[in-house]
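For reference, the structure discussed in these notes is given below.
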Amino acid sequence: MKNTAELTKRLGVDIDTETLRLALTHRSYAYEQGGIPTNERLEFLGDSVLGLSVTDALYRDNPGLSEGELAKRRSAVVSTKALAGVARALDLGNYVLLGQGEKLTNGRDKASILADTMEAVIGAAYLSHGIETARAMVMRLIGPLLRDSAVLGEGTDWKTRIQETAAARRLGLIDYQVDGTGPDHARTFTARLVIGGVEYGSGCGHSKKEAEQAAAAESWKLLADAPGASADPRPEPAGGSSADSA
C-alpha cells in the first residue's frame with residue numbers, strides 16, 4: 001500500500017495503520033487476495049457518522065428551515081457526487097487498494113468507489129478516536145459543502161423527490177427491493193421501487209445506492225406522466241413537511 005503519511009496529514013486524524021488499511025480495501029482487491037476483509041463494514045459505520053454529523057450541523061445552523069428543506073440539503077451534502085469531490089481533493093483514489101480489473105477501468109476516479117471509501121475512512125476515524133474526533137473531521141472536510149450554493153442546489157435527488165411526491169399524494173410506504181448478481185468484485189445491483197404495495201420503476205447500478213437512485217428516477221417519471229399529474233409532481237415548498245430522506 002502507498003505510504004499514507006500524506007493522506008493522514010490531509011485528514012487531520014491519525015488513524016491506526018491497520019484500521020486505515022481496512023478502510024482503503026475495496027472488495028475487488030479483497031477478492032483477488034483470497035477473500036480478505038473489505039471496507040464495506042466501515043463504510044456502513046461511516047455512513048451513519050456522516051449522516052449524524054451533517055444532520056446535527058444543519059439542524060443547529062438553520063432554525064428557520066423546514067424538515068423537507070433540511071432533508072434536501074443533507075441529501076446534497078452526503079451524495080455520491082459530493083463525497084467523491086471531497087475524496088478527489090484528498091487524492092484518496094491513489095491510496096485505495098483495488099483489484100486489477102478496477103485499476104484498468106479507472107477505478108481510482110470512479111465516484112462510487114471514492115464516495116464509499118470516504119465513508120469507510122470516516123468510520124475508521126470513529127473507531128480509532130470516537131465520535132467527537134470523527135465529527136470534527138467530517139465538519140472540517142465536508143462541512144464547507146453546507147455553505148456551497150452549487151452543491152446545495154443539487155439537494156433534490158431522485159430519492160428525495162420521489163419521497164416528497166409519495167408523501168404529497170399519500171401513496172403509502174416506500175420500499176426499495178434490491179438484488180445483486182455477479183461476483184463480489186464486480187456485482188451489479190437491480191432495484192425495484194414499491195410504493196404502497198404497488199411496483200413502479202426499476203433501475204440498475206454498480207452499487208445499491210446507484211440502483212436505488214435509478215429506480216427512484218424511473219418511478220418519478222412514471223408518476224409525472226400519470227393522467228392528471230402536473231409536469232412536476234413535487235409538493236410546493238410551502239406545503240406540509242415531507243418525509244425524511246431515505
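Quick caveat: nothing in here was measured; it's all calculated off a predicted structure.
Taking every heavy atom of both residues into account, Gly203 and Ala214 meet most closely at CA-CB, 3.7 Å. When all heavy atoms of Ala215 and Ala191 are compared, the pair lying nearest together is CB-O, 3.6 Å. Smallest separation of non-hydrogen atoms from Ala76 and Ala82: O-CB, 3.4 Å. Nearest heavy-atom pair, Tyr176 versus Ala216, reported as atom, atom and distance to 0.1 Å: OH-CB, 3.5 Å. The two residues Val13 and Ala125 make their nearest non-hydrogen contact at CG1-CB, 4.3 Å. Nearest heavy-atom pair across Gly99 and Ser28 is N-OG, 2.9 Å.
With rounding to the nearest 0.5 angstrom, the CZ atom of Arg108 is 9.5 Å from the CD1 atom of Ile113. Here Lys208 contributes atom NZ and Arg187 contributes atom CZ; the two are 8.5 Å apart, rounded to the nearest 0.5 Å. Atom CG of Leu223 sits about 12.0 Å away from atom CZ of Arg161, to the nearest 0.5 Å. The OG1 atom of Thr105 sits 10.5 Å away from the CD atom of Gln100 when rounded to the nearest 0.5 Å. Atom OG of Ser219 and atom CD of Gln163 lie 12.5 Å apart (nearest 0.5 Å). Note that OG of Ser202 and CD of Glu218 are 6.5 Å apart. Values are rounded to the nearest 0.5 Å.
At least one side-chain heavy atom of Leu141 sits under 4.5 Å from a side-chain heavy atom of Leu11. In this structure, the side chains of Asp116 and Asn39 stay at 4.5 Å or more apart for every pair of heavy atoms. At a threshold of 4.5 Å between non-hydrogen side-chain atoms, the residues Leu193 and Ile162 count as touching. A 4.5 Å side-chain heavy-atom check between His206 and Lys110 finds every atom pair outside the cut-off. Between Leu22 and Pro37, the closest side-chain pair of non-hydrogen atoms falls below 4.5 Å. Using a 4.5 Å heavy-atom threshold, the side chains of Asn62 and Arg73 count as touching. A 4.5 Å side-chain heavy-atom check between Leu45 and Tyr126 finds at least one atom pair inside the cut-off. Leu146 places a side-chain heavy atom less than 4.5 Å from the side chain of Met139.
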Worksheet item: Can you check side-chain contact (heavy atoms from CB on, under 4.5 Å) on Asp16 and Leu127, steps first, answer last?
Response: CA-CA 10 Å; Asp16 74 85; Leu127 279 187; over 6 Å; no
Practice prompt. Just do the side-chain contact (heavy atoms from CB on, under 4.5 Å) check on Val77 and Ile142 with the steps written out, would you?
Written response: CA-CA 8 Å; Val77 172; Ile142 299 169; 3.5 Å; yes
Worksheet item: Can you check side-chain contact (heavy atoms from CB on, under 4.5 Å) on Met137 and Val121, steps first, answer last?
Response: CA-CA 10 Å; Met137 186 184 81; Val121 168; 4.3 Å; yes
Discussion item. Before you tell me yes or no, could you show the steps for Glu210 and Ser112 under side-chain contact (heavy atoms from CB on, under 4.5 Å), namely the whole-Å CA-CA distance, both residues' side-chain angles and the distance that decides it to 0.1 Å?
Written reply: CA-CA 8 Å; Glu210 287 182 5; Ser112 59; 3.4 Å; yes
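Looking at Asp175 and Gln177, their side chains do bring a donor and an acceptor atom within 3.5 Å of each other.
Cluster membership for Trp158 and Val194, using ILVMFWY side-chain heavy atoms within less than 4.5 angstrom, is not shared. Val198 and Trp220 fall within a single hydrophobic cluster, where Ile, Leu, Val, Met, Phe, Trp and Tyr side chains are chained together by heavy-atom contacts under 4.5 Å. Hydrophobic clustering (ILVMFWY, side-chain heavy atoms < 4.5 Å, transitive): Leu114 and Tyr95 are in distinct clusters.
Partners of Tyr200 by ring-ring contact (aromatic ring centres under 6.0 Å, His included), not counting sequence neighbours: none found. Listed by chain and number, the residues in a side chain to side chain contact (heavy atoms under 4.5 Å, CB included) with Thr8 are Thr4, Asp14, Leu20 (sequence neighbours excluded).
At least one donor-acceptor pair closer than 3.5 Å links the side chain of Arg10 to the backbone N or O of Leu90. Of the possible donor and acceptor atoms, none in the side chain of Glu119 sits under 3.5 Å from a partner among the backbone N and O of Phe44. Side-chain atoms of Ser128 do not come within 3.5 Å of backbone N or O of Ile15 as any donor-acceptor pair.
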Please report, to 0.1 Å, the donor-acceptor pairs under 3.5 Å made by any side chain of residues 50-60, with sequence neighbours excluded.
residue	atom	partner	partner atom	Å
Ser53	OG	Val49	O	2.8
Thr55	OG1	Gly51	O	2.6
Thr55	OG1	Arg74	NH1	3.0
Asp56	OD1	Arg60	NE	2.8
Asp56	OD1	Arg60	NH2	3.4
Asp56	OD2	Arg60	NE	3.1
Asp56	OD2	Arg135	NH1	3.3

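Of the candidates Val86, Thr133, Ile122, Val138 forms a side chain to side chain contact (heavy atoms under 4.5 Å, CB included) with just one, namely Ile122.
Within 6.0 Å of the CG atom in Leu173, the count of heavy atoms belonging to other residues, nucleotides or ligands does not exceed 12. Counting heavy-atom neighbours within 6.0 Å of Arg41 CZ, excluding the residue itself, gives a total of 12 or less.
Cation-pi geometry between Lys103 and Tyr29 is not satisfied (NZ or CZ under 6.0 Å from the ring centre, within 45° of the ring normal).
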